[in-house]
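Before any comments, here is the structure.
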Amino acid sequence: MSRSWSRSVQALVGAATALAVLTACGGADDSRARGTADDPVTVSFWAWTRGSQEVVDAFNATHETIKVEFEEIPSGGLGGYPKIANAVKAGIAPDLLSIEYPQLSAFVSQGSLQDISGYLTEDIKKKFLPQTIEMTTLGGKNWAIPFDAAPQIFYYRKDFFTEHGITPPTTWDGFRDAAEQVRKASPKTRIATFFPDDPTFFQAMAWQAGAQWFRADAGTDAWRIRTTDPASARTAAYWQGLIDDKLVSTASSFSPEWTGSLKQGTTVGYLGASWGAGVLAGIVPEQKGKWAAVRLPSWEADRPASGMIGGSTFAVSKGSTKTAAAVEFALWMSTHEDAINARIGASTSSALPAAPAMVPIAKRAFDTSFYGGQDLYGLFEEAGASIGPDWVWGPSPGATNSALGDALGEVVGGASTLPKAIRRAHDATVADLRKRGLKVEDPS
């Protein structure tokens, strides 16, 4: 983990002081961590990840002094985050929340979460990948417990590639060549999809290229915003070329159009995350044995790199009076064999645990027969090790993603371009941060 990462993350406190972002972390009267079998402590938990109910059931079946009540909510992008935000404002939020890494800083900046540093000893932190601890540490304080890491992976139809003599690409130059070969072999078929409805898809590509969209300056207490840096510009130009030349599909993620193209064999690749292996197998189970996975193409053949698409954490809401019990349950979900087995066994999840000791458990629990028995978790671990260490999420992902998402729709419709889209995201982010009273350095 780079020093620049640590400095920038720890500077969040100063950069967000104007909003008093860290004032809502103490105050709650933390009740006993455990009750009794007759009078257990009850922890409320909201999440949308598949297998969550089964994990809760496994915990409740083996614990008498803490009980968990689970409510499934829409995924973050489909309304889960507004539901959480509204519940926090109304004082009716659950004790424990599932929050993805990109949104964590926003909830911290809004004063919605508790500082749980006192519960995470150094020994506990050592159970997790350093990258995930860094991503849940803001201003030197711990705000969430990591659940998984989500490095990028390229999944492809091995049978199609083999039949037409196409080599899975290891570089982005090679990816374009392979895309042309796919179209030549089958004019209606595309190598993969650029998802216009999912800003995190493009963000991860920029992250992989070395972009640094957000920086918190400890010296000036200001945020430095650069969505148009050279790495982002290079990524935008590259994907604009693929879109213009119609070498990739532009269907929305998980839409009927996209899933239909997978089933029909007119899309033969998927640029996803580690968790996407289970999702893909669930969409086209009839294609069992036809798919394989390789690391994401990189800009340089001898320098593998990855960003992250999603990835989940568990955070305690500011109003909870059951912090100790909530943290105990969250740690169990992330670091106990029974929890990993329950989640993966129930949902075909292919999540890469943030706790390395749990990776062998996940590997044994996940059925890789859809991928011909390939060692997916070995690939995931290698990809995880190549995640760029210098990416920091800013305090206003909603403004960034909203502007970028709107612009991406125009890009695939031909009314705009990716370079213009990242400029719009830049301007919207700067404007939003200034509106919220934060200091901003705009180097553009």
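In what follows, residues are counted from 1 in the order of the sequence shown.
Residues passing the side chain to side chain contact (heavy atoms under 4.5 Å, CB included) test with P169 are F154, F161, F175, A178, P297, sequence neighbours excluded.
Between W332 and H63, the ring-plane angle classifies as perpendicular under the 30° and 60° cut-offs. A tilted orientation is assigned to the rings of F45 and F70, their planes being inclined by 30° to 60°. F59 and F329 have perpendicular rings, their planes meeting at more than 60° on a 0 to 90° scale where under 30° would count as parallel. Aromatic ring orientation, F370 versus W291: parallel (interplanar angle below 30°, classes split at 30° and 60°).
A donor-acceptor pair under 3.5 Å links the side-chain atoms of S306 to the main chain of Q152, judged by distance alone. Of the possible polar contacts, one joining the S105 side chain to the G394 backbone as a donor-acceptor pair under 3.5 Å is found. The backbone N or O of N142 sits nowhere less than 3.5 Å from a side-chain atom of T137 that would complete a donor-acceptor pair. Of the possible donor and acceptor atoms, one in the side chain of T259 sits under 3.5 Å from a partner among the backbone N and O of S255.
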Is there a ring pair (Phe, Tyr, Trp, His ring centres under 6.0 Å) between F107 and Y81? Walk through the geometry before answering. CA-CA 9 Å; F107 279 98; Y81 291 132; 5.7 Å; yes

Check step by step if side-chain contact (heavy atoms from CB on, under 4.5 Å) holds for W207 and W213. CA-CA 8 Å; W207 180 349; W213 284 13; over 6 Å; no

side-chain contact (heavy atoms from CB on, under 4.5 Å) between L113 and V88: does it pass, once the steps are laid out? CA-CA 9 Å; L113 307 178; V88 171; over 6 Å; no

Between I116 and K141, does a side-chain contact (heavy atoms from CB on, under 4.5 Å) hold up when you go through it step by step? CA-CA 8 Å; I116 57 173; K141 298 182 180 182; over 6 Å; no

Run the side-chain contact (heavy atoms from CB on, under 4.5 Å) check on V43 and E69 step by step: do they pass? CA-CA 6 Å; V43 172; E69 293 181 348; over 6 Å; no

Report the C-alpha separation of S312 and E100 in whole Å, then their side-chain angles, then the decisive distance to 0.1 Å, and conclude whether the side chain to side chain donor-acceptor pair (under 3.5 Å) test is met. CA-CA 4 Å; S312 299; E100 294 166 292; 5.5 Å; no

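In summary, the aromatic rings of W46 and F314 are positioned with their centroids too far apart to meet the 6.0 Å limit.
The minimum heavy-atom distance linking T429 with F214 is given by the pair CG2-CE2, 4.0 Å. Closest non-hydrogen pair, A403 versus A428, comes out as CB-CB, 3.4 Å. Among all heavy-atom pairs drawn from P102 and P397, the shortest one is O-CG, 3.5 Å. Considering every non-hydrogen atom in both T235 and A209, the closest pair reads OG1-CB, 3.4 Å. Looking at every heavy atom in both residues, P146 comes nearest to Y101 through CB-OH, 3.4 Å.
Here side-chain hydrogen bond (donor to acceptor under 3.5 Å, both in side chains) pairs that include residues 193-205, with residues two or more places apart or in two chains, are T193-W258, D197-S253, D198-T200, Q203-N401. Residue pairs that meet the side-chain hydrogen bond (donor to acceptor under 3.5 Å, both in side chains) test with at least one member in residues 374-384, sequence neighbours left out, are K363-D375. Pairs passing the salt bridge (charged side-chain N to carboxylate O under 4.0 Å, His left out) check and including a residue from residues 150-169, sequence neighbours excluded, read R157-D159.
More than 12 heavy-atom neighbours from other residues, nucleotides or ligands sit within 6.0 angstrom of NZ on K263.
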Let me check something: any side-chain donor-acceptor pairs from residues 349-357 under 3.5 Å, sequence neighbours excluded? List them with distances.
residue	atom	partner	partner atom	Å
S349	OG	A351	N	3.2
S350	OG	S274	O	2.7
S350	OG	W275	O	3.1
S350	OG	A277	N	3.4
S350	OG	G278	N	2.9

Show the atom names and distances, to 0.1 Å, of all donor-acceptor pairs under 3.5 Å that link a side chain in residues 407-418 to residues at least two apart or in another chain.
residue	atom	partner	partner atom	Å
E410	OE1	R424	NH2	2.8
E410	OE2	R424	NH2	3.4
T417	OG1	K420	N	3.3

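The CD1 atom of I361 sits 11.5 Å away from the OG1 atom of T335 when rounded to the nearest 0.5 Å.
Between R183 and E180 there is no salt bridge, since none of the side-chain N atoms of the basic residue sits less than 4.0 Å from a carboxylate O of the acidic one.
Cation-pi contact between R215 and W223: absent, since separation from the ring centre below 6.0 Å together with deviation from the ring axis within 45° is not met.
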